[in-house]
Structure formats: structure tokens, C-alpha cells
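Comments concern the structure below.
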Protein chains: 2
Amino acid sequence: MKKQKVSSAVIRRLPRYFRHLNDLLQTGTVRISSSALGKSMGLTASQIRQDLSCFGEFGQQGYGYNVEKLQGEIAEILGMNRNHNAVILGAGNLGRALIENFHFEKNGFVLSAAFDVAPSIVGTQIGGVVIRDTAQLENYLAEYPASVGVLTVPGKVAGIMAERLVACGVRGIWNFTNMELELKEDNIVIENVHFADSLLALSYMISDTE
Amino acid sequence: MKKQKVSSAVIRRLPRYFRHLNDLLQTGTVRISSSALGKSMGLTASQIRQDLSCFGEFGQQGYGYNVEKLQGEIAEILGMNRNHNAVILGAGNLGRALIENFHFEKNGFVLSAAFDVAPSIVGTQIGGVVIRDTAQLENYLAEYPASVGVLTVPGKVAGIMAERLVACGVRGIWNFTNMELELKEDNIVIENVHFADSLLALSYMISDTE
């Protein structure tokens with residue numbers, strides 16, 4: 001599918017569409033109008049039609065959307081059928097939480113390996129994943145390439161570890177370190193997870209109701 | 001300060017303004033134009049002026065913004081000076097990661113307590129915070145009220161725990177459980193953290209460059 005230039009706001013909504021369609025599928029909904037889908041997501045019908053028009057023609061006048069078909073199309077657009085490999089760097093509390101509880105496979109990813117520097121955990125398993133020595137990162141990725149590196153290392157080594165991942169061919173970094181990464185290569189996708197942004201939005205909303 | 005109705009998109013950008021202004025302060029920047037601030041944040045100058053105009057008059061024609069002053073104003077708008085109390089429910093990997101590594105106090109919150117049901121960790125300390133028995137939640141909050149509850153419990157008890165928090169006077173829930181919370185009270189602010197949305201946006205962006 002040839003994609004036009006899509007705004008960041010639309011990209012951010014795509015995973016929400018996917019989630020909502022998934023919920024609809026699980027409750028047995030076969031089709032849905034753009035206005036009903038919008039209502040459940042806090043969007044207008046025209047915004048939904050406009051968002052989806054970036055990627056092609058999905059709905060049908062007078063029928064709405066076929067939920068299963070639209071979910072499949074959005075999964076395809078999101079690249080969920082490509083079996084991207086991911087590796088995690090840093091098996092501290094947050095790394096462990098992701099390894100044990102985050103469903104990489106439900107999101108189209110294969111968590112292929114996890115790395116840490118602590119001798120006490122290298123060689124142990126977390127949720128069936130062996131923790132490897134970070135010193136072996138380059139050897140491992142040479143043999144088993146990965147598209148995405150998940151950074152759950154301490155902030156002070158975030159930049160160095162990101163560069164090592166990129167040198168090994170990783171094209172996207174899921175960055176939980178709270179550090180701004182400035183990489184030498186400029187075609188690397190960095191997705192920052194800033195917990196603080198989320199808590200501060202909550203702070204605003206509860207302060208607003210006081 | 002009397003606030004007008006502010007769009008969700010603007011609310012989401014406020015913490016980013018705060019972060020960027022913080023970075024500027026730390027590099028010793030005293031003032032900045034809306035276009036320079038916009039450039040560093042990937043926004044246009046007019047978008048920045050429009051965002052900030054929701055809250056009052058901050059910049060000065062020909063001068064721009066005083067970085068320290070604007071940061072202080074945004075902190076105030078975000079409710080960062082109110083010392084909101086927060087409690088964490090669930091001291092598993094993710095709960096531990098937040099207790100040990102997340103800077104609640106830098107975001108204007110006091111993490112006053114953490115709760116879990118596991119006898120093996122109740123009574124232990126994580127990062128100086130005592131893990132209390134979830135059975136004591138109501139007694140504790142009656143004595144030490146909190147504005148925000150952080151939910152890092154298993155999804156299957158998310159709804160029950162959210163209701164218990166709300167019954168104790170909590171007004172905002174920072175929800176990491178990946179479950180949609182449907183509460184009886186309708187004036188409770190729920191802030192969902194969906195890791196999958198972030199990974200799927202990354203997935204889209206790396207798939208797009210293939």
C-alpha cells in the first residue's frame with residue numbers, strides 16, 4: 001500500500017483504533033458506523049473518516065466498517081504482521097516488568113533476547129527469556145538481527161547503548177530511560193516513553209477539578 | 001488563575017513544554033523566542049503562542065519568553081506545586097520500578113505509601129518506602145488521604161482496586177494495568193498508560209521506512 005505523508009497525531013491514534021476494534025471484536029461486533037466508533041473513542045465521525053482516508057478506502061456508505069477487516073487493515077498499516085525482532089537492554093525492575101508482563105507477540109514483535117551487565121543475573125531466565133551478558137550484544141545481533149532495541153538501562157549509559165544498538169543495525173529504539181537520545185545516524189526512529197508526561201497530564205486534570 | 005476549556009492536545013503538550021524549558025534552564029538559557037522553542041519541540045511558533053494563550057499572557061513582543069518564569073507558570077498550571085499525595089497499589093516489577101526510579105517529587109507528587117497483597121513483601125522496604133498490606137488500604141487513606149492512586153496490580157483486580165481507591169477519596173488514577181476502568185463515580189480522572197500504543201507507533205514508523 002502506498003502511504004501518503006501521515007501526521008504524527010494520526011499515527012498516535014492508529015494503535016487506539018486497533019485497541020478499540022479489538023475490544024469490539026471480542027464482544028462479537030461485526031460492523032460499526034464511523035459515528036459509533038467515534039463515540040467510543042471520543043472522536044467525531046468525520047475525524048475517523050479523515051484519519052482512515054490517509055490509508056485508503058475502508059468503510060462503505062450506509063454500512064460502516066467491517067470490524068474484523070478494519071482491524072486487520074490497521075494491523076497491516078502498523079506493521080504488526082512483520083514479526084519485528086526486539087531485544088531488551090537492561091533487566092532491572094522495568095526491564096523485568098516488560099519481559100514478564102508485556103505481550104510483545106500480541107503487538108507483532110518477537111522478544112528475541114534480553115541483556116544486562118550484572119553478573120548476578122546474566123545466565124538466569126526471566127519469563128522464559130535468558131538474560132545475556134551485554135558484552136555479547138554485538139555477537140548476538142550479528143547472528144540474530146533485530147529491528148528494535150528496548151532501552152531500560154540507567155540513564156547515564158543510554159546514549160552509549162543506543163549507539164551500540166544502531167551500529168548493529170537496529171532501526172528503532174523504544175526508550176524508557178528518560179534521556180533525550182542524540183544519535184549520529186539520523187534515520188533511526190526513537191520512541192520515548194516519558195512516564196512524567198502522563199503523570200503531569202493527570203496532575204493538571206485533578207488540579208483543574210479542585 | 002481562571003482557566004478556559006483547554007483541549008486534550010494542549011494538555012498533552014504542557015508536560016513537554018515543562019521538560020523542554022527545564023532542559024533550557026539547565027543549559028543556562030534565560031530567554032527564548034516562540035520560534036526557537038517551537039523548533040526544539042517540533043512545533044510552529046504560532047502553535048506555541050496559541051497553546052500558551054489558553055492560560056494567559058506569557059511572552060513579550062520582541063523579547064520572547066523568560067525561560068524560568070514560563071517554566072514556573074507551567075508548573076503552576078500543571079498543579080506541580082500542590083504536593084499531591086500518591087499511593088501505589090501493586091509492588092511487582094513495574095510497581096518496584098516506579099517506587100525506586102520514578103521521581104514523584106520532581107513532578108510535584110509525594111509518594112506516601114505502597115501496598116501489595118503478597119505476605120513475602122509486605123513489611124519490606126523498596127527505595128525507602130514500606131510496602132503495606134493492601135488490607136490496610138482503607139485505614140491508611142482515612143488517616144493519610146491521597147489524591148492519586150497508581151495501579152500496577154494484575155489486570156483482573158484493576159477494577160476492584162480502582163473502586164476501593166475512589167471510595168477512599170482518590171480523585172485520579174494512574175492506570176498501568178492495560179484494563180479499561182469503568183467506575184461508578186464519573187468525576188474521577190483516569191490516566192491510562194498503554195505501553196502497546198507507544199510500541200505500535202514505533203512499529204508503524206520503522207515499517208514505513210522499510
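Here is the naming used below: chain letters follow the sequence lines, and residue numbers restart at 1 for every chain.
By a heavy-atom distance cut of under 4.5 Å, Gly172(B), Ile173(B), Trp174(B), Phe176(B), Glu180(B) are the residues of residues 172-185 of chain B near chain A, going up by number. The stretch residues 114-131 of chain B places none of its residues near chain A, where near means some heavy atom under 4.5 Å from a heavy atom of that chain.
Both the backbone and the side chain of Arg96(B) come within contact range of chain A, each with at least one heavy atom under 4.5 Å from a heavy atom of that chain. For a residue to count as touching a neighbouring chain, one of its non-hydrogen atoms must lie under 4.5 Å from one of that chain's; by this rule Arg13(A) does not touch chain B. If you measure heavy-atom distances from Leu199(A) to chain B, the contacts under 4.5 Å come from both the backbone and the side chain. Contact annotation for His103(B): neither backbone nor side-chain heavy atoms come within less than 4.5 Å of a heavy atom of chain A. For Phe195(B), the parts lying under 4.5 angstrom from a heavy atom of chain A are both the backbone and the side chain.
Summarising the geometry of Pro15(B) relative to Leu200(A), their closest heavy-atom pair is CG-CB, 3.8 Å, with the distance given to 0.1 Å. Contact record, Val170(A) with Ser147(A): CG1-O, 3.5 Å, taken as the closest heavy-atom pair. When all heavy atoms of Cys168(B) and Glu138(B) are compared, the closest pair comes out as SG-CG, 3.7 Å.
Leu202(B) CG to His84(A) NE2: the interatomic distance, rounded to the nearest 0.5 Å, is 8.0 Å. The distance from the CG atom of Leu37(B) to the OH atom of Tyr65(B) is 7.5 Å, given to the nearest 0.5 Å. Once rounded to the nearest 0.5 Å, the distance linking CG of Leu78(B) with CG of Asp197(A) reads 9.5 Å. Expressed to the nearest 0.5 Å, how far OG of Ser203(B) lies from CD1 of Ile77(A) amounts to 11.5 Å. In this structure, OH on Tyr140(A) lies 10.0 Å from CG on Leu137(A), to the nearest 0.5 angstrom.
Between chain B and the options Asn107(A), Leu14(A), Leu94(A), the largest number of non-hydrogen pairs under 4.5 Å is found for Asn107(A). Options Glu191(B), Arg19(B), Lys106(B) differ in how many heavy-atom pairs under 4.5 Å they form with chain A, and the most are formed by Arg19(B). Heavy-atom pairs under 4.5 Å with chain A peak, among Ala86(B), Gly108(B), Ala97(B), at Ala97(B). Ranked by non-hydrogen atom pairs under 4.5 Å with chain B, the options Ala201(A), Ser198(A), Gly79(A) are led by Ser198(A).
Within a 6.0 Å radius of CD in Glu68(B), other residues, nucleotides and ligands contribute 12 heavy atoms or fewer. For Glu57(A), the CD atom is loosely surrounded, since the number of other residues' heavy atoms within 6.0 Å does not exceed 12. The neighbour count for Glu100(A) CD, taken as heavy atoms of other residues, nucleotides or ligands under 6.0 Å away, is above 12.
By the 4.5 Å heavy-atom criterion applied to side chains, Phe55(A) and Val10(A) are counted as neighbours. Between Phe18(B) and Gln71(B), some side-chain heavy-atom pair lies under the 4.5 Å cut-off.
Ring geometry for Phe102(B) versus Phe104(B): interplanar angle over 60°, hence perpendicular rather than tilted (30 to 60°).
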